[in-house]
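Before any comments, here is the structure.
Note that these values count all heavy atoms, side chains included, but never hydrogens, waters or copies made by symmetry. Because the structure is predicted, anything quoted here is derived from the model rather than measured. Here, residue 1 is the first one in the sequence, and each next residue gets the next number.
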Amino acid sequence: MMLQEAAALIQAIRENLAKVIVGKAEGVDLLLTALLANGHVLLEDVPGTGKTMLAKTLARSLDCSFKRIQFTPDLLPSDLSGINFYNQKTGEFQFRPGPVFSSILLADEINRATPRTQSSLLECMEERQITIDGVTHELDTPFLVIATQNPVDSQGTFPLPEAQLDRFLMRITTGYPTFEEGVHILQRFRENNPLLETSAVASGRDIQELQQLAAAVAVSDDLLGYITAIVEATRQAPSVKLGASPRAGFALLRAAQGCALIRQRDYVLPDDIKAVAVPVLAHRLLLQRGPGSREGQAAELVQQVLREVEVPAEPAPAAARGGRVE
């Protein structure tokens with residue numbers, strides 16, 4: 001797939017999402033960036049702001065298998081992974097796959113499940129496989145987990161541990177719509193639900209090719225050093241108890257590559273790294289005051305790091321691609 005073909009396909013997906021989702025342009029682009037970077041997304045916002053609608057619209061826009069599961073305190077790991085059951089007709093055990101055997105998995109209100117159930121996603125999200133009764137099963141390709149949670153709801157919830165948060169490439173918060181957007185939402189949904197009329201504009205194979213193209217986006221050595229400096233600066237901040245991990249640095253790299261492709265470039269600029277730094281890093285930081293101060297203050301800390309870390313000079317396009325001119 002060439003760069004122009006990729007740009008046209010990304011724009012088609014974006015326009016398809018815009019048929020249902022009003023506003024939220026930045027959140028939509030971040031979601032598409034995570035998809036291109038082959039990473040998972042945590043949609044965190046107050047109730048009723050369209051988190052589930054955004055995830056379902058993306059799933060409808062892609063010709064891939066989609067499963068949604070409502071996380072509750074009584075949900076078991078086997079409800080996600082599937083089980084081996086005894087078939088009396090055949091006299092043999094058979095495997096019944098669970099919702100994780102899909103290209104797009106919507107984990108709705110993930111923090112309502114117990115830590116035992118939450119941890120059952122760790123292997124899936126990191127290795128794209130799951131082990132059941134000693135047998136390892138490969139998951140679909142592409143594989144994207146979109147989890148939602150409400151930050152203001154604490155009753156009956158189990159906060160995601162740091163190991164689980166680190167598996168999410170990004171945490172996206174879109175917030176309330178503007179007055180004009182609110183009116184537009186009422187007008188759009190006044191008579192029917194436009195989601196029901198949404199059809200796929202890209203196949204699973206298209207997404208794989210986009211992901212391969214994003215992985216090939218050039219990143220200069222200076223920018224690799226810039227990413228490393230940002231990650232290390234989060235560990236050295238006095239107010240941080242647990243800084244960004246090496247996995248966070250790799251996530252920042254992948255997200256910057258995806259962002260560059262969204263912006264129709266085959267090389268990364270410092271602005272791409274800055275654009276994704278907060279959604280990639282903020283949810284991974286544990287501040288001295290504890291998890292309760294993670295959200296807003298962690299985002300401010302990442303912004304401060306971006307202001308303090310020296311930005312390398314932007315290379316010429318040919319140099320950014322390692323000397324290749326296309």
Side-chain angles (χ1 to χ4, degrees), residues 3-4 6-62 104 106 144 146-148 151 168-189 193-195 197-202 206-207 210-211 213-214 217 251-252 254-265 268-283 295-296 299 302-303 306:
L3 192 61
Q4 292 181 344
L9 185 57
I10 292 169
Q11 184 61 25
I13 299 173
R14 186 189 283 122
E15 291 175 355
N16 214 43
L17 289 168
K19 294 178 181 178
V20 179
I21 305 301
V22 177
K24 303 183 185 296
E26 182 179 355
V28 167
D29 279 353
L30 287 175
L31 181 60
L32 294 179
T33 296
L35 177 65
L36 299 185
N38 198 18
H40 310 292
V41 173
L42 177 64
L43 294 178
E44 183 177 279
D45 219 325
V46 295
T49 50
K51 301 184 297 295
T52 302
M53 182 66 71
L54 177 58
K56 292 173 67 176
T57 306
L58 176 65
R60 285 248 184 174
S61 300
L62 308 180
I104 301 178
L106 172 56
L144 171 66
I146 303 177
T148 69
F168 288 100
L169 182 79
M170 290 185 183
R171 183 187 65 191
I172 301 175
T173 302
T174 56
Y176 286 116
T178 63
F179 176 83
E180 291 77 11
E181 291 171 348
V183 173
H184 195 180
I185 290 173
L186 296 180
Q187 293 172 339
R188 179 170 296 183
F189 287 83
N193 187 349
L195 177 64
E197 302 175 359
T198 304
S199 58
V201 295
D206 291 332
I207 300 304
L210 285 175
Q211 291 175 343
L213 192 61
V217 169
L252 186 55
R254 289 188 298 161
Q257 290 176 305
C259 182
L261 186 57
I262 288 283
R263 296 175 174 181
Q264 302 182 28
R265 276 187 277 99
V268 170
L269 295 178
D271 284 346
D272 301 323
I273 299 171
K274 292 180 180 180
V276 297
V278 172
V280 169
L281 298 178
H283 67 283
E295 288 78 13
V302 175
Q303 293 285 10
L306 293 176

Between atom CD of Gln303 and atom NZ of Lys274, what is the distance when rounded to the nearest 0.5 Å?
-> 10.0 Å

Is Leu210 close to Ile207 at the side-chain level, that is, under 4.5 Å between some pair of heavy atoms?
-> yes

Taking side-chain hydrogen bond (donor to acceptor under 3.5 Å, both in side chains) as the test, write out the residues that go with Glu15, two or more places apart.
-> Gln11

Here the gap from Leu31 atom CG to Leu58 atom CG, rounded to the nearest 0.5 Å, amounts to 5.0 Å

Closest contact, heavy atoms only, Ala255 versus Val276 | CB-CG2, 3.8 Å

Euclidean distance, Ile10 CD1 relative to Ile262 CD1, rounded to 0.5 Å = 4.5 Å

Can you pull the salt bridge (charged side-chain N to carboxylate O under 4.0 Å, His left out) pairs that have at least one residue in residues 26-35, sequence neighbours excluded?
-> Arg14-Asp29

Considering residues at least two apart in sequence or located in another chain, which fulfil the side-chain hydrogen bond (donor to acceptor under 3.5 Å, both in side chains) criterion with Thr173?
-> none

Would you name the heavy atoms of Leu36 and Ala214 that are closest together and state the gap between them?
-> O-CB, 3.6 Å

From CG (Leu30) to CD1 (Ile172), nearest 0.5 Å | 5.0 Å

With Ser61 via side-chain hydrogen bond (donor to acceptor under 3.5 Å, both in side chains) - residues at least two apart | Asn16

Ala147: side-chain contact (heavy atoms from CB on, under 4.5 Å) partners, not counting sequence neighbours = Leu42, Ala107, Ile110, Phe168

Should Leu3 and Leu261 be marked as a side-chain contact (heavy atoms from CB on, under 4.5 Å) after you check the CA-CA gap, both sets of side-chain angles, and the distance that decides it?
-> CA-CA 8 Å; Leu3 192 61; Leu261 186 57; 3.5 Å; yes

Can you list every pair that meets ring-ring contact (aromatic ring centres under 6.0 Å, His included) and has a residue in residues 22-60, with sequence neighbours left out?
-> His40-Phe143

Identify the two heavy atoms, one from Ile104 and one from Ala59, that lie closest to each other, and give their separation to 0.1 Å.
-> CD1-CA, 3.8 Å

Under 3.5 Å, which donor-acceptor pairs link side chains of residues 175-185 to any protein atom two or more places apart or in another chain?
residue : atom : partner : partner atom : Å
Thr178  : OG1  : Glu181  : N            : 3.2
Glu181  : OE1  : Thr178  : N            : 3.0
His184  : NE2  : Arg188  : NH2          : 3.4

Which residues satisfy the side-chain contact (heavy atoms from CB on, under 4.5 Å) test with Arg265, sequence neighbours excluded?
-> Ala260, Arg263, Tyr267, Leu269, Asp272

What are the two closest heavy atoms between Leu35 and Leu62, and how far apart are they?
-> CD2-CD1, 4.0 Å

Roughly how far apart are Thr198 OG1 and Asn193 CG, rounded to 0.5 Å?
-> 8.0 Å

Looking only at heavy atoms, the pair that brings Gly39 and Leu169 closest together is CA-CB, 3.8 Å

For the pair Val201 and Leu9, evaluate side-chain contact (heavy atoms from CB on, under 4.5 Å) and give the outcome as yes or no after the intermediate values.
-> CA-CA 8 Å; Val201 295; Leu9 185 57; 5.7 Å; no

Considering all heavy atoms of both residues, which atom of Val268 and which atom of Ala256 are nearest to each other, and what is their separation?
-> CG2-O, 3.8 Å

Would you sort out whether Met170 and Thr33 count as a side-chain contact (heavy atoms from CB on, under 4.5 Å), showing the intermediate values?
-> CA-CA 9 Å; Met170 290 185 183; Thr33 296; 3.7 Å; yes

Please test Leu54 against Ile146 for side-chain contact (heavy atoms from CB on, under 4.5 Å), starting from the C-alpha separation and ending with a verdict.
-> CA-CA 10 Å; Leu54 177 58; Ile146 303 177; over 6 Å; no

Among pairs that include at least one residue of residues 45-56, which meet salt bridge (charged side-chain N to carboxylate O under 4.0 Å, His left out), considering only residues two or more places apart or in two chains?
-> none

Under 6.0 Å from the CD atom of Gln187, do we count more than 12 heavy atoms belonging to anything else shown?
-> yes

Partner set under side-chain contact (heavy atoms from CB on, under 4.5 Å) for Asn38, not counting sequence neighbours | Arg128, Gln211

